Each structure stands twice: as structure tokens, then as C-alpha cells.
Amino acid sequence: MAKKVKSGTLLFLLLAVFLGMFAAFGPGIYNDSDQYLKMHIHREPLYPLFLAALRLVFRDGWLIAMGIIQNVLAAVSIWLFAGYMGKRFRLCLWQEGIVVILCLMPHIITKFYSSLHLFITNSVMSEALCLPVFTLFVLECFQIFTQEKERDFKKAAVWSLVFAFLLSLIRAQMMVTILIWMIVLGARIILWPVERWERRTWQRPRDGKWKASRLLMVTAVVAGVFFVRLLAVKSYNLVFNGHFINNTYGTVNTLTNILYAADREDGAGIKDEEAREFFFRMYDLTEAREANYKYAGSSWKEKIEHIEAWHDTVKYEMIEDVFYQTYDKTVTSDYIVQNLMADKTAGKIIRGILPGCFLRWAGNYLLIAGYGAVRSIAVVHPVINWIAFFLYVSSLALALAVCLKDPKDPALPVMLISILAILANVGAVSVTIMCLSRYMIYGFAPFYTGYFLLLLSLGRDLWRRRRR
């Protein structure tokens, strides 16, 4: 009875916080919001469909309904996350309270420290659905390793895949969650084939054929999920945009950071004459406005700040405008056809210039990823950046210490899966865009929860030794 009261009270408080923030600040509409509302070809289908359903059902009151649903979903996801951690790791009230606070922190950071100052779940942006669903995905991934019964493990494997599929339909970067699922489940098959969870006894290693067949099955499932996702996106675009195509603009996004790292002479490697002419026009614009790597300064800080300051300008004014103004005059004003042509030409440009500027692009990529890793667990600042580095290194040291103490400690997979999720997200985002806080914040709560659980595990072990 006491546990039910505690759980109910926690849910009530979380609902009060999120709905209170919605009542205080109201819904937020930003530059990207219009693309979701218009079902733009650049955007994945699930969030635009969600908004369309709300407009259909609630009509003029759809913004209020959106804010309530998104905030309730966020509250419930944190409640489930903290509740499982409390039960599985036998956390007392204040310890479970810390997990709740850690889960609330991303919402506070993006409200008061990000460039847009948005409270994520109040906004008409796909992140409002993505963050709660990601929380549930990570929770199920944890359970793949921490559940004691085979039935519960299989249930977690299924639900985590479902959440990964939904995430991939909300944001393209979240396709990495499908690969995370494959890695986590594959590791479970290879490392922890257990016969009887109830007694916590290890099964004798099964033969290699058994493991290989299941790994092959997991790989086939992942391939199938990617195929179904592609089919779903193309079908959505056929219904709402009249073209059976995947989302466009991804190649144009990728070109941005590559163009930033290029020299004019790299254009000689472009075989297609039209694509080469486009590149020279784009490059000359970056040169005229000092918007490429040559003007970034010498320190790491100056370089990454220059990239972030000019990224959107390069993308919109020096790539997109050059493409679309040309196509408007010479081909068509249909934005979907323009997008398809721009992506095709951008691909030709990339293939031509990337060999010549690869090392510079790779260096910039690492700088962008470095800031992304910081923003995943902290706020970018000259001092805090080093603290974030220490936290990553110390998290691995704590994991090693716990592993030496007890390799079956469930806090280990919590920490390692959190780091895997951060690396995957940072790696995916850094290819195409800047690592802004609202793109990176997904790993914050899982990372610090894992860190906290590792500290608790070592602290409890130390306490037991002292008592003895």
C-alpha cells in the first residue's frame, strides 16, 4: 500500500510540474513548427500526423490539447523510468527523487540555457514527442540486461524495438536507436545466455551455432524494420505530398559542413559540369563572407564557434538559395521537384570535393561531435567542458571498478547503454548539422542515472565492508 501511495504521489507531482509549466508559459511555436503543420517533405511523418489528428479532433483548441498530451506523456515516461529504477535497484525515497530530478533537468536546461529557451514539451516541435519516447526506449534497453526472467527480457526486447521504430518516424537522427537495439540485444545474446534467471545462475555457454543463428535473426529484423520505415515514409509522402519518395534535403544538409571545409580547387574533382558550376557559385559566396574554415581562427574553441555561427547561413543562403533561385528561373517552382534535384546535385558535389577536403571535414566533424558530447550531459563553457570530459572518463573508471567487484551488477549495462546512446546520437547529428542542446539532450538523464547507480553500488559495497 505504501509503495502505491508513493508511486501515485510521484506521478501527481510530475503531472503538476509539467502541466504547471504549460499553464505558465503556454505553447511555443518556432521556425520549424510550420514545416510540421504543413507536412513538409523534409519532415518525418509521425509528428505531422499527430498534429493533424489534433487539429481534426480539437479544431481551434488543438494547441491546448497538444500541450496537455505532450506534457502528460513526458510526466508518465519519467514516472515509469524512475519507478523501475527505484524497484530494480531498491532505491529509497530520496534516491528515487534524485533520479526524478535528473530526468527533469533536460527540460530545465533547454528552457533556461538553450538558444531558443524552449520548454520542450510545450513546443510545436518533434522533440516534444521524441524525448519521452526516447526515455521509454532506453528504459526497455536497460531491461534487456537487468530483467531477471526470460519472459520479461523478451518483452523488453519487443517494446524497445517498437519505441525505436516510432522514434525513427519522429526524427531521422533517431534511426540510430534501431542500431542501438541491435547492439544491445546482440550483446545480450553473446554475453548473457542464461538458463534460469530466478536463481541467478549462469548457463553453460551454448554452442556457437545457437548464438550465430540468433544474431542473424536480429540482423534480419533490423533490416526488415528499416525497410518498413522506408515504406511508411514513402507512403506518407505519396498520400500527403503526391510523391512516393523518401524525405528530401538530407544530402543538402550533409553538403553544408563539407562545403565549409572545401577549397575552391577541390571543385576540379566534380565530373558533372552543372554540379561543378553550382559548387563554384556556392564556394565564392562562402569566401566573400568569410564563412569557411579559413576564417575560423586557430584554437579549437574559435574553430567550433565559427562553424556553429555560420552553419545555418551556409546552408540556407549559400546552398539552398543558389539551388532554388536557379531552379525557379530555369526548371520549376515545385518545391518537391526542386528538393529532389538539389539532393541529386548535392550528392554529385559531395562525391567530387570530399576526397580533397576529407581531413579538414573530419577534423571539423570531431570538433562538432566534441561539443555534442558536452551538450549531451552539460552546458558548453570553457570550464564546464573539462568537467564534462572528467565525467565521461570517471564514468568508465566507475564502470570498471564495479565490473571488477561484480560483473553481473545491473548498474553496469545502465551506464554502458547510456554512453552508447550518447555516442550514437552525437555521431549521427554531427554529420549533417550542429549539435544544439535540443538535439543532444536525450542522453542526459540516462547518463547521470547510470553514474548515480554506479556510485550507489560502490558505496553500498564499501558500507558492507566497514560493517564487517
Side-chain angles (χ1 to χ4, degrees), residues 1-21 71-111 120-121 131-149 152-153 155-156 159-160 163 376-378 391 394-395 398-399 401-402 405-406 408-419 421-422 441-464:
M1 186 64 181
K3 290 182 179 179
K4 290 184 178 180
V5 171
K6 184 184 77 170
S7 178
T9 302
L10 174 59
L11 179 59
F12 174 80
L13 291 174
L14 285 168
L15 289 171
V17 169
F18 280 97
L19 294 177
M21 290 294 284
N71 280 285
V72 168
L73 178 60
V76 170
S77 68
I78 293 174
W79 174 64
L80 292 172
F81 184 91
Y84 176 77
M85 293 299 165
K87 179 180 178 182
R88 181 63 183 83
F89 293 91
R90 299 175 184 175
L91 304 181
C92 62
L93 183 60
W94 71 267
Q95 292 168 342
E96 191 171 335
I98 287 178
V99 175
V100 172
I101 292 171
L102 292 174
C103 291
L104 287 173
M105 284 302 296
H107 301 273
I108 303 302
I109 289 172
T110 51
K111 175 62 182 173
I120 294 176
T121 47
L131 181 55
V133 178
F134 183 81
T135 300
L136 297 175
F137 164 75
V138 172
L139 173 60
E140 296 298 335
C141 283
F142 292 163
Q143 293 187 65
I144 288 176
F145 271 90
T146 59
Q147 285 288 9
E148 296 185 355
K149 296 181 179 179
D152 294 332
F153 144 69
K155 182 180 176 183
W159 274 110
S160 57
F163 288 133
S376 296
I377 63 171
L391 287 170
S394 61
S395 69
L398 287 172
V402 170
K405 174 181 70 71
D406 179 8
K408 293 177 283 185
D409 192 312
L412 276 172
V414 173
M415 185 76 261
L416 296 178
I417 292 171
S418 299
I419 293 176
I422 289 173
I441 208 67
Y442 303 103
F444 187 100
F447 175 83
Y448 283 108
T449 298
Y451 203 100
F452 177 60
L453 293 175
L454 289 175
L455 288 174
L456 275 182
S457 179
L458 291 173
R460 287 169 176 170
D461 184 62
L462 182 62
W463 174 252
R464 283 193 295 268

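Counting from 1, the numbers follow the sequence of the chain as shown. Everything quoted here is computed from the prediction, not taken from an experiment.
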Would you compute the distance between atom [atom1] of [X] and atom [atom2] of [Y] and round it to the nearest 0.5 angstrom?
{"X": "C92", "Y": "L456", "atom1": "SG", "atom2": "CG", "result": "8.0 Å"}
{"X": "T121", "Y": "M21", "atom1": "OG1", "atom2": "CE", "result": "8.0 Å"}
{"X": "W159", "Y": "D152", "atom1": "CH2", "atom2": "CG", "result": "14.0 Å"}
{"X": "T449", "Y": "I101", "atom1": "OG1", "atom2": "CD1", "result": "11.5 Å"}
{"X": "S457", "Y": "D406", "atom1": "OG", "atom2": "CG", "result": "7.0 Å"}
{"X": "M85", "Y": "L139", "atom1": "CE", "atom2": "CG", "result": "5.5 Å"}

Quiz item: Under the side-chain contact (heavy atoms from CB on, under 4.5 Å) criterion, do F447 and S376 qualify, and how do the steps go?
Solution: CA-CA 9 Å; F447 175 83; S376 296; over 6 Å; no
Practice problem: Check step by step if side-chain contact (heavy atoms from CB on, under 4.5 Å) holds for I417 and I144. | Solution: CA-CA 11 Å; I417 292 171; I144 288 176; over 6 Å; no
Side-chain ([X]) to main-chain ([Y]) donor-acceptor, under 3.5 angstrom:
{"X": "N71", "Y": "L19", "value": "no"}
{"X": "T9", "Y": "V5", "value": "yes"}
{"X": "S160", "Y": "E140", "value": "no"}

Self-check item: Passing candidate, side chain to side chain contact (heavy atoms under 4.5 Å, CB included) with D409, options V402, T146, L454, L458
Solution: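 Going through V402, T146, L454, L458 one by one, the side chain to side chain contact (heavy atoms under 4.5 Å, CB included) with D409 is satisfied by V402 alone.
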What are the two closest heavy atoms between [X] and [Y], and how far apart are they?
{"X": "L102", "Y": "A445", "value": "O-CB, 3.7 Å"}
{"X": "R460", "Y": "F89", "value": "NH1-O, 3.1 Å"}
{"X": "Q95", "Y": "L91", "value": "OE1-CA, 3.3 Å"}
{"X": "A82", "Y": "V100", "value": "CB-CG2, 3.6 Å"}
{"X": "F153", "Y": "Q147", "value": "N-CB, 4.0 Å"}
{"X": "P106", "Y": "I441", "value": "CB-CG1, 3.3 Å"}

Is it the case that more than 12 heavy atoms not belonging to [X] sit under 6.0 Å from its [atom1] atom?
{"X": "K405", "atom1": "NZ", "answer": "yes"}
{"X": "L93", "atom1": "CG", "answer": "no"}
{"X": "K111", "atom1": "NZ", "answer": "yes"}

Self-check item: By side chain to side chain donor-acceptor pair (under 3.5 Å) - contacts of W79 (at least two apart)
Solution: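 Partners of W79 by the side chain to side chain donor-acceptor pair (under 3.5 Å) criterion, ordered by chain and then number, come out as S7.
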Quiz item: Partners of Y448 by side chain to side chain donor-acceptor pair (under 3.5 Å), sequence neighbours excluded?
Solution: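 Not a single residue meets the side chain to side chain donor-acceptor pair (under 3.5 Å) criterion with Y448.
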Quiz item: Do S418 and Y451 get their side chains close enough for a donor-acceptor pair, meaning under 3.5 Å?
Solution: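 Their side chains do not contain a donor-acceptor pair, so the 3.5 Å distance test is not met.
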Practice problem: Would you check if E96 and L10 make a side-chain contact, meaning some heavy-atom pair closer than 4.5 Å? | Solution: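 The answer is yes, as the side chains (C-beta and beyond) meet within the 4.5 Å cut-off.
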Quiz item: Are the side chains of F18 and L104 in touch, meaning some heavy atoms are under 4.5 Å apart?
Solution: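 When only atoms from C-beta onward are counted, L104 and F18 do touch, with a gap below 4.5 Å.
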